Student: 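This is the structure I want to talk about, given as structure tokens.
The shown structure was predicted, so the numbers you read here are calculated from the model rather than taken from an experiment.
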Amino acid sequence: MITRRALAAAGALALPGHASGQGAQRVLRFVPQSNLASLDPVWSTAVIVRNHGLMVWDTLFGLDGQFRARPQMAEGHEVSSDGLTWTIRLREGLRFHDGSPVTAADAVASIRRWSKRDVLGQRLDALADEIAAPNERDIRIRLKRPWPGLAWALGKPSANICAIMPARLAATDPFAQVGEAVGSGPFRFRQDLFRPGDVAIYERFDGYRPRDEAADFLAGGKRVHFDRVEWRILPDPSTANGALTRGEVDWWETPLADLLPALQRNRDIVVDLINQAGNLGVLRFNFLHPPFDKVEVRRAILPALDQRAFMDAAIGTDRALSRVPSGVFTPGTPLATTEGLEPLTGPRDLAAAQRALRESGYRGERVVMMSATDLPVLQNLSEVAADLLRRIGFTVDMPAMDWGTQIQRRTNRGPIEQGGWSAFCTTWEGLDVSVPGSHQPLRGHGAQAWSGWPTMPRLEALREEWFDAPDQAAERAIAARIQRVAMEEVPFLPLGLVLPRQAYRRSITDVVKGGPALFWNVRRA
């Protein structure tokens with residue numbers, strides 16, 4: 001049920017059913033996957049922070065249903081004949097939620113901050129000779145060499161998004177979080193009503209000017225049909241299930257697999273696969289400290305790892321809800337390959353893993369496996385991983401924490417005695433990890449890499465080759481080599497593809513398919 005605390009936090013918010021009538025407020029009530037522990041989609045790679053970011057901020061480009069980049073905040077763009085100079089013109093009349101106009105200077109400051117954090121942004125940071133605002137509406141980017149994928153990078157909805165912020169916020173250190181959620185997107189975040197762990201409120205921004213064309217995934221006109229969206233943080237699955245069943249909320253992002261059959265029998269509820277690309281489960285290692293700083297220790301796990309066991313624990317034994325075997329690229333996408341997967345697809349051999357661990361030089365160092373107890377999929381993956389490591393011979397400690405705490409702790413580069421960590425399980429959205437360019441877990445550039453901070457020059461060199469590939473056949477060949485090297489270096493272990501369902505009231509229509517939970521273009525019947 002909805003708690004009294006949630007109601008108080010929202011300032012005695014009404015809980016309308018199907019609001020109608022003159023002056024009635026149209027409200028969409030949503031149960032997100034976890035607590036919103038950060039407000040900064042440039043600082044954080046968490047999916048929930050990305051979803052929050054796409055409501056509050058807008059991007060220069062947006063991806064359509066074919067994952068092609070189309071102008072969004074941009075009116076259009078021009079590329080010089082040599083491919084080195086991009087001029088991006090902002091649409092007229094764009095305003096931030098604080099009333100200030102969106103200028104090219106805001107966009108330049110935002111791109112520069114994003115370029116220090118995002119995996120593709122860092123490529124721009126290395127290639128750019130200049131990112132400047134010659135006037136109020138034009139952004140000029142001069143490159144050292146052509147990069148046809150720049151618009152895609154600026155518009156991708158995957159972590160980290162290039163959220164265009166006021167320059168005063170974009171001046172924040174890229175490795176610190178912004179203190180305000182002020183954007184120019186279709187919803188305004190009510191920070192005064194925000195209670196972490198309880199409720200987050202978004203109100204329709206009257207000053208938002210959607211594009212004229214029809215909506216197409218993240219491209220086109222974002223037309224808002226609700227006055228307010230309420231995120232209700234209900235980490236207990238039975239509470240969330242009851243709230244959805246009774247009509248107290250409209251949409252539940254991550255129902256437990258065990259509850260899906262009962263939800264499917266309810267005539268008022270739709271159970272749907274919204275994110276067609278799914279989520280790739282990964283077991284990530286910390287390269288900075290023992291024991292996983294040694295590649296021999298990481299490789300020792302390979303003979304015993306059973307992807308099907310991870311998927312069955314994560315989301316249930318219904319094979320429609322997961323997919324194995326899985327390599328480092330999203331199964332079913334063009335670059336997915338079986339190259340180098342022999343260590344994961346042959347017969348499982350615990351004794352071989354135990355022998356490899358003894359030969360690796362492992363000396364019983366304590367392994368801290370972080371576990372997010374408020375995210376059932378991640379908690380289940382972590383339980384299987386911890387059990388597997390113990391059976392192989394590792395000394396494992398698995399402290400319980402919520403997802404928000406884990407997000408914060410995984411930035412700690414210190415040893416476990418100083419609050420650091422050894423390994424954790426998470427999932428990456430399929431779009432993020434379908435190509436080398438945006439695949440953060442495959443980066444091997446040390447201190448600038450995703451949590452775990454591996455240094456892997458071979459993977460970095462192959463990634464650069466992929467950017468220069470002349471056609472898809474060449475891209476596939478390079479991706480196959482990348483996967484083989486990844487199985488040798490083991491920056492992470494792929495655990496399988498999760499295909500989670502979402503559940504929403506049948507009165508909700510036009511739910512966006514193919515990507516993140518979006519709240520514009522959604523209506524009530």
Student: Pair His439, Ile482 - check side chain to side chain contact (heavy atoms under 4.5 Å, CB included), show working.
Tutor: CA-CA 11 Å; His439 201 310; Ile482 287 174; over 6 Å; no
Student: Looking at Arg117 and Asp40, does any basic side-chain N land under 4.0 Å from a carboxylate oxygen?
Tutor: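 Result for this pair is no, no salt bridge flagged.
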Student: Measuring from atom CD of Gln440 to atom CG of Leu120, what distance do you get when rounded to the nearest 0.5 angstrom?
Tutor: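 Here the interatomic distance stands at 8.5 Å.
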Student: Under a 4.5 Å cut-off applied to non-hydrogen side-chain atoms, are His97 and Val56 in contact?
Tutor: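 Side-chain contact under 4.5 Å: yes.
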Student: Between Ile88 and Met73, is there a side-chain heavy-atom distance shorter than 4.5 Å?
Tutor: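 Side chain of Met73 against side chain of Ile88, heavy atoms only: no contact under 4.5 Å found.
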Student: Which heavy atom of Ile269 sits nearest to which heavy atom of Thr245, and what is that distance?
Tutor: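 Where Ile269 meets Thr245 most closely, the heavy atoms are CD1-CA, 4.1 Å.
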Student: Are any non-hydrogen side-chain atoms of Ile141 and Trp147 less than 4.5 angstrom apart?
Tutor: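 When only atoms from C-beta onward are counted, Trp147 and Ile141 do not touch, as no gap falls below 4.5 Å.
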Student: Compute the centroid of each ring, for Phe424 and then for Trp450, and state whether the two points are separated by less than 6.0 Å.
Tutor: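 Under 6.0 Å, so yes.
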Student: Does any non-hydrogen side-chain atom of Val435 lie less than 4.5 Å from one of Trp466?
Tutor: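 When only atoms from C-beta onward are counted, Val435 and Trp466 do touch, with a gap below 4.5 Å.
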Student: About how many Å separate CD1 of Ile111 and CD1 of Ile164, when rounded to the nearest 0.5 Å?
Tutor: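 Separation between the atoms: 5.0 Å.
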Student: List in chain and number order the residues that pass ring pair (Phe, Tyr, Trp, His ring centres under 6.0 Å) with Tyr202, two or more places apart in sequence or in another chain; answer none if no residue qualifies.
Tutor: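 So Tyr202 forms a ring pair (Phe, Tyr, Trp, His ring centres under 6.0 Å) with His52, Phe189, Trp231.
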Student: Keeping Asn160 on the side-chain end and Val42 on the backbone end, is there a donor-acceptor pair under 3.5 Å?
Tutor: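 Yes.
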Student: Would you name the heavy atoms of Asp82 and Pro146 that are closest together and state the gap between them?
Tutor: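 Asp82 and Pro146 have their closest heavy atoms at O-CG, 3.5 Å.
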Student: Testing the basics here: between Ser184 and Asp58, what is the closest heavy-atom pair and its distance to 0.1 Å?
Tutor: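 Minimum heavy-atom separation between Ser184 and Asp58: OG-CB, 3.9 Å.
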Student: Working to the nearest 0.5 angstrom, can you tell me the gap between Ile131 CD1 and Ile139 CD1?
Tutor: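 Going from CD1 on Ile131 over to CD1 on Ile139, the span is 10.0 Å.
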Student: Regarding Gln472 and Arg476, is there a side-chain donor-to-acceptor distance under 3.5 Å anywhere?
Tutor: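 A pair is found: one side chain offers a donor N or O, the other an acceptor, under 3.5 Å apart.
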Student: Is Arg223 reaching over with its side chain to a backbone N or O of Arg211, donor-acceptor style, under 3.5 angstrom?
Tutor: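 Such a contact is found between Arg223 side chain and Arg211 backbone.
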Student: Could you check Val522 against Tyr504 for side chain to side chain contact (heavy atoms under 4.5 Å, CB included), going step by step and ending with a plain yes or no?
Tutor: CA-CA 12 Å; Val522 178; Tyr504 52 89; over 6 Å; no
Student: Would you say Asn35's side chain and Asp198's backbone share a donor-acceptor pair under 3.5 angstrom?
Tutor: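 Absent.
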Student: Taking only residues two or more places apart in sequence, or in another chain, which ones meet Arg137 in a side chain to side chain donor-acceptor pair (under 3.5 Å)?
Tutor: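 Arg137 satisfies side chain to side chain donor-acceptor pair (under 3.5 Å) with Glu75 only.
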Student: Are the side chain of Ser80 and the backbone N or O of Thr85 linked by a donor-acceptor pair below 3.5 Å?
Tutor: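 The answer is yes, because a donor-acceptor pair under 3.5 Å joins these two groups.
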Student: Hey, are Arg204 and Asp227 close enough for a salt bridge, meaning a charged N less than 4.0 Å from a carboxylate O?
Tutor: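 Asp227 and Arg204: salt-bridged.
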Student: Under a 3.5 Å distance rule, please check whether Arg410 uses its side chain to pair with a backbone N or O of Gln408 as donor and acceptor.
Tutor: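 No, the answer is negative, given that no donor and acceptor are paired below the 3.5 Å cut-off.
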Student: Within a strict 4.5 Å, meaning less than it, do heavy atoms of the Leu442 and Val328 side chains meet?
Tutor: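 They are in contact (side-chain heavy atoms under 4.5 Å apart), so the answer is yes.
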Student: Do Ser100 and Arg168 get their side chains close enough for a donor-acceptor pair, meaning under 3.5 Å?
Tutor: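 On atom types as modelled, these side chains do not qualify, holding no pair under 3.5 Å.
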Student: How about Leu218 and Gln72: do any of their side-chain heavy atoms sit closer than 4.5 Å?
Tutor: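 They are not in side-chain contact.
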Student: Distance from Ser438 atom OG to Arg123 atom CZ, nearest 0.5 Å?
Tutor: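 Result: 12.5 Å between the selected atoms.
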Student: Quick one, Pro441 and Arg284 - any side-chain contact, counting heavy atoms below 4.5 Å?
Tutor: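 Yes - at least one pair of side-chain heavy atoms lies under 4.5 Å apart.
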Student: With rounding to the nearest 0.5 Å, note down the distance linking CG in Leu375 to OG1 in Thr426.
Tutor: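 Leu375 CG to Thr426 OG1: 8.0 Å, rounded to 0.5 Å.
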Student: Please examine the side chains of Asp118 and Lys156, heavy atoms only from C-beta on, and report whether any two atoms are closer than 4.5 Å.
Tutor: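 Yes. Closest side-chain heavy atoms under 4.5 Å.
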Student: Is the side chain of Arg50 donor-acceptor paired with the backbone N or O of Pro157 at a distance under 3.5 Å, no angle test?
Tutor: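 Indeed, once roles are kept as given, a pair shorter than 3.5 Å links the two residues.
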Student: Closest approach of Gly496 and Ser326, non-hydrogen atoms and distance?
Tutor: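 Taking every non-hydrogen atom into account, CA-CB, 3.7 Å.
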Student: Is any side-chain N of the basic residue among Arg188 and Glu203 closer than 4.0 Å to the acidic one's carboxylate O?
Tutor: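 Yes, charged N to carboxylate O under 4.0 Å.
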Student: Applying side chain to side chain contact (heavy atoms under 4.5 Å, CB included) to Arg505 and Arg29, what does each step give before you reach the verdict?
Tutor: CA-CA 10 Å; Arg505 304 288 296 180; Arg29 300 153 301 177; over 6 Å; no
Student: Spell out, as yes or no, whether a donor-acceptor pair under 3.5 Å connects the side chain of Gln191 to the backbone of Gly179.
Tutor: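 The answer is yes, because a donor-acceptor pair under 3.5 Å joins these two groups.
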Student: Is it true that a side-chain atom of Asn412 and a backbone atom of Arg409 form a donor plus acceptor pair closer than 3.5 Å?
Tutor: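 No: the side chain of Asn412 does not pair with the backbone of Arg409.
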Student: Please report the closest heavy-atom contact between Pro210 and Lys222, naming both atoms and the distance.
Tutor: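 Shortest heavy-atom separation between Pro210 and Lys222 comes out as CB-O, 3.5 Å.
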Student: Could you tell me whether Arg89 and Glu78 make a salt bridge, using a distance below 4.0 angstrom between a side-chain N and a carboxylate O?
Tutor: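 So Arg89 does not pair with Glu78 through a salt bridge.
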Student: For a quick test of reading the model, state the closest non-hydrogen atom pair linking Asp374 to Pro235 and the distance between them.
Tutor: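 The pair with the smallest heavy-atom distance is CB-CB, 4.1 Å.
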Student: Could you tell me whether Arg323 atom CZ has more than 12 heavy atoms of other residues or ligands within 6.0 Å of it?
Tutor: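 Not more than 12 within 6.0 Å, no.
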Student: Side chain of Ser110, backbone of Met165: donor and acceptor closer than 3.5 Å?
Tutor: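 Yes; judged by distance alone, with no hydrogens or angles, the pair exists.
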Student: Under 3.5 Å, is there a donor-acceptor pair between the Ser238 and Asn241 side chains?
Tutor: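 Ser238 vs Asn241: no donor-acceptor pair found between side chains.
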Student: Before giving the answer on side chain to side chain contact (heavy atoms under 4.5 Å, CB included), spell out for Asp216 and Arg70 the whole-Å C-alpha distance, their side-chain angles and the decisive distance to 0.1 Å.
Tutor: CA-CA 10 Å; Asp216 185 2; Arg70 287 167 44 185; 3.3 Å; yes
Student: Between CG of Leu321 and CG of Leu497, what distance do you get to the nearest 0.5 Å?
Tutor: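 It is 11.0 Å, given to the nearest 0.5 Å.
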Student: Holding to side chain to side chain contact (heavy atoms under 4.5 Å, CB included), I want the full list of residues that pass it with Asp129, two or more places apart in sequence or in another chain.
Tutor: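 Listed in chain order: Arg142, Lys144.
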